[in-house]
Amino acid sequence: MIALALPASNDEGFVAPTLEDMHLPEILPWGAESGEGFGKQMLLILLSVILIGWFFVAAARKGQMVPGRLQFLGEWSYNFVRNSIGRDIIGEKDFRSFTPLLFALFFFILINNLWGTIPLAQLPTTSHVGTAYALAAIVYFTWIIVGIRKHGLGYFKFATVPSGVPMAILPLVVLIEIISTFLVRPITHSLRLFATMLSGHLIIMLAGSGTAFLLLEAEGLLKPLGALTLVGGVAMFLFEVLIQVLQAYVFTLLTAIYIQGSLAEEH
């Protein structure tokens with residue numbers, strides 16, 4: 001409705017938000033003429049690290065037998081990642097050494113996703129592909145190193161040569177396994193997070209700017225449509241919050257699955 005109705009609503013037409021509208025001027029520009037430097041995204045990433053560190057240090061500071069609200073929330077959050085993702089996926093024997101990584105990934109991604117729905121911040125830093133690539137790269141090298149430590153260099157054969165495959169099709173299967181495991185997996189791991197956060201944020205921006213246009217500038221019968229886009233925008237906002245939480249969970253869950261696959265005895 002927004003895409004079709006708004007461009008014809010007046011002579012000037014509706015100008016939809018673009019990707020450039022998500023990238024504000026750098027706070028401390030340097031380097032290239034395009035203004036590469038310390039910007040809002042970097043600032044929010046640093047703030048997320050400070051916020052996460054402060055919260056869990058404050059939650060664990062007193063360590064009472066009967067926990068207060070802050071301590072209870074901190075312990076519940078930690079146990080959720082430790083037990084529901086780490087122990088249940090990786091297994092009782094090996095999960096403990098990977099709990100810090102899973103814990104850090106989940107809450108780092110969660111906070112940086114939620115920036116997109118917090119007033120004044122309003123930018124999910126994971127909607128910038130560089131952030132998603134960096135996180136996926138950390139995970140990528142982690143499960144490869146884990147596999148090599150577990151199986152030696154034979155891990156690469158273990159990961160790409162399934163057992164029980166007829167020799168006639170084994171070369172094709174091995175090629176598919178190499179591509180899917182070592183090329184496609186890290187790309188999809190990063191792009192799933194990046195694309196979801198980018199598209200969700202753009203939809204909210206479109207709904208907000210469309211609502212403002214219809215209510216303030218549209219004429220005639222199009223003006224009441226602003227109420228509909230407002231309701232739809234609020235619904236999409238709430239849905240986006242859910243997606244932001246789910247994407248943090250999915251990224252961390254896949255990390256645990258990849259690590260478990262590197263530790264497994266059989267392919």
Side-chain angles (χ1 to χ4, degrees), residues 16-30 34-59 70 73-74 76-78 80-81 85 100-139 188-212 230 232-255:
T18 64
L19 290 177
E20 287 71 21
D21 296 319
M22 296 177 61
H23 299 273
L24 299 178
E26 305 291 357
I27 300 173
L28 297 174
W30 65 75
S34 59
E36 296 295 331
F38 184 86
K40 184 178 181 180
Q41 182 207 14
M42 295 183 183
L43 176 62
L44 291 177
I45 288 177
L46 291 178
L47 288 177
S48 70
V49 174
I50 294 172
L51 180 62
I52 294 169
W54 168 83
F55 172 77
F56 284 102
V57 168
L70 187 63
L73 181 59
W76 180 88
S77 301
Y78 173 79
F80 169 74
V81 177
I85 300 178
L101 173 64
L102 299 175
F103 175 82
L105 281 175
F106 178 80
F107 286 101
F108 179 82
I109 296 172
L110 177 63
I111 298 301
N112 281 280
N113 286 353
L114 290 175
W115 283 134
T117 53
I118 296 176
L120 300 181
Q122 295 175 318
L123 174 67
T125 62
T126 47
S127 66
H128 289 232
V129 70
T131 304
Y133 281 161
L135 293 171
I138 293 172
V139 175
T188 56
H189 199 197
S190 59
L191 292 185
R192 182 184 295 107
L193 175 63
F194 156 71
T196 306
M197 291 299 99
L198 177 63
S199 59
H201 196 56
L202 280 175
I203 290 174
I204 293 177
M205 290 173 61
L206 178 62
S209 58
T211 299
L230 176 61
V234 172
M236 287 304 304
F237 175 84
L238 297 176
F239 181 69
E240 180 65 10
V241 173
L242 174 62
I243 295 299
Q244 289 167 346
V245 177
L246 286 178
Q247 281 302 313
Y249 176 77
V250 169
F251 191 97
T252 311
L253 180 68
L254 287 173
T255 299

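Each residue takes its place number in the sequence, starting with 1. It should be emphasised that the depicted structure is a prediction, and the values quoted were computed from it without experimental measurement.
Interatomic distance, CG of Leu193 versus OG1 of Thr188, reported as 11.5 Å (0.5 Å rounding). One distance of note links CG of Leu46 with CG of Leu43; it measures 6.5 Å at 0.5 Å rounding. Taking CD1 of Ile52 as the start and OG of Ser77 as the end, the distance is 11.0 Å to the nearest 0.5 Å.
The shortest distance between side-chain heavy atoms of Leu135 and Leu105 falls below 4.5 Å. Side-chain contact between Thr126 and Trp115: absent, with no pair of heavy atoms (C-beta onward) separated by less than 4.5 Å. With contacts defined as side-chain heavy-atom distances shorter than 4.5 Å, the pair Phe55/Leu51 does not qualify. Inter-residue side-chain proximity for Met197 and His201 is flagged as unmet; no heavy-atom pair is nearer than 4.5 Å. For the pair Leu123/His128, a side-chain contact is recorded, criterion being any heavy-atom separation below 4.5 Å from C-beta on. Taking 4.5 Å as the limit, every side-chain heavy atom of Thr255 sits out of range of all side-chain heavy atoms of Phe106. Residues Leu254 and Arg192 meet the side-chain proximity criterion, which asks for heavy atoms closer than 4.5 Å.
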List the atom pairs, with distances to 0.1 Å, where a side-chain N or O of residues 241-252 and a protein N or O form a donor-acceptor pair under 3.5 Å, not counting sequence neighbours.
residue : atom : partner : partner atom : Å
Gln244  : OE1  : Thr117  : OG1          : 3.4
Gln244  : NE2  : Asn113  : O            : 3.0
Thr252  : OG1  : Ala248  : O            : 2.8

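Enclosure of atom CZ in Phe80 by more than 12 non-hydrogen atoms of other residues, nucleotides or ligands within 6.0 angstrom is indicated.
In terms of modelled atom types and a separation under 3.5 Å, the side chain of His189 and the main chain of Ala132 share no donor-acceptor contact. The backbone N or O of Gly116 sits nowhere less than 3.5 Å from a side-chain atom of Gln122 that would complete a donor-acceptor pair. The closest donor-acceptor contact from the side chain of Lys40 to the backbone of Ala121 lies under 3.5 Å.
Residues Ser127 and Phe194 come closest through the heavy atom pair O-CE1, 3.0 Å. Taking every heavy atom of both residues into account, Ile118 and Leu114 meet most closely at CG1-O, 3.3 Å. Across every non-hydrogen atom of Ala59 and Gly74, the tightest pair is CB-CA, 4.0 Å.
Annotation: ring pair (Phe, Tyr, Trp, His ring centres under 6.0 Å) contacts of Phe103 (sequence neighbours excluded): Phe56, Tyr78, Phe107.
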Give the intermediate values and the outcome of side chain to side chain contact (heavy atoms under 4.5 Å, CB included) for residues Thr131 and Gln41.
CA-CA 9 Å; Thr131 304; Gln41 182 207 14; 2.6 Å; yes

